[in-house]
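For reference, the structure discussed in these notes is given below.
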Amino acid sequence: VQLQASGGGLVQAGGSLRLTCAASGRSFSNYAMAWFRQAPGKEREFVVGIPWNADYAEYADSVKGRFTISRDNAKNTVYLQMNSLKPEDTAVYYCAARARVLSRLSSFYSIWGQGTQVTVSS
């Protein structure tokens with residue numbers, strides 16, 4: 001599986017963006033998918049994740065109620081809808097995949113997209 005993230009950009013505080021992670025290769029539906037982000041000078045952090053069967057999702061406390069993850073296995077795509085964006089959401093956002101089981105630890109993911117920049121102005 002290879003991942004391609006897109007949808008980042010510059011938005012004002014309170015605005016919205018939708019990130020897309022398109023996967024190529026076989027067996028996308030067998031993978032748990034997650035979004036991580038990394039701000040300058042900070043460690044990469046878990047944002048949200050969804051397991052292979054999409055029966056639940058996990059969110060970082062900082063984005064609960066504002067971000068929503070979804071997946072369309074028929075299109076090999078994962079979406080991250082980000083609403084009510086704040087300046088502290090500014091970061092490079094990465095999508096990642098691992099077999100079936102969702103994890104909040106970036107070290108457990110071996111498949112990464114290239115990252116897309118999200119900048120929220122105040």
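Quick caveat, the model's predicted, so the values are computed rather than measured.
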| request: Grab the two heavy atoms, one from L80 and one from W35, that are nearest each other, plus how far apart they are. | output: CB-NE1, 3.5 Å
| said: So which atom in V92 and which in Q117 form the shortest heavy-atom distance, rounded to 0.1 Å? | reply: CG2-OE1, 3.2 Å
| request: Taking the side chain as every heavy atom from C-beta outward, state whether R44 and W112 have any atom pair closer than 4.5 Å. | output: yes
| OG-CG distance between S29 and D72, expressed to the nearest 0.5 angstrom | 11.5 Å
| query | So which heavy atom on R71 is nearest to which on I50, and how close? | reply | NH1-O, 3.7 Å
| For the student: nearest non-hydrogen atoms of N73 and W52, plus distance | ND2-O, 3.6 Å
| Should the pair R104 and F36 be classed as cation-pi, given the thresholds of under 6.0 Å to the six-membered ring centre and 45° from the axis? | no
| Side chains of E88 and T90, donor plus acceptor under 3.5 Å | no
| said: With no hydrogens and no angle check, just 3.5 Å: does a side-chain donor-acceptor pair link S16 and N83? | reply: yes
| Student check: side-chain heavy atoms of Q4 and Q114 closer than 4.5 Å | yes
| said: I'd like to know if L102 and F67 are part of one continuous hydrophobic network [Ile/Leu/Val/Met/Phe/Trp/Tyr, side-chain heavy atoms within less than 4.5 Å]. | reply: no
Side-chain donor/acceptor pairs under 3.5 Å, residues 93-101, sequence neighbours excluded:
| unit_1 | atom_1 | unit_2 | atom_2 | d |
| --- | --- | --- | --- | --- |
| Y93 | OH | R37 | NH1 | 2.9 |
| Y93 | OH | D89 | O | 2.6 |
| R98 | NE | F108 | O | 3.1 |
| R98 | NH1 | V101 | O | 2.5 |

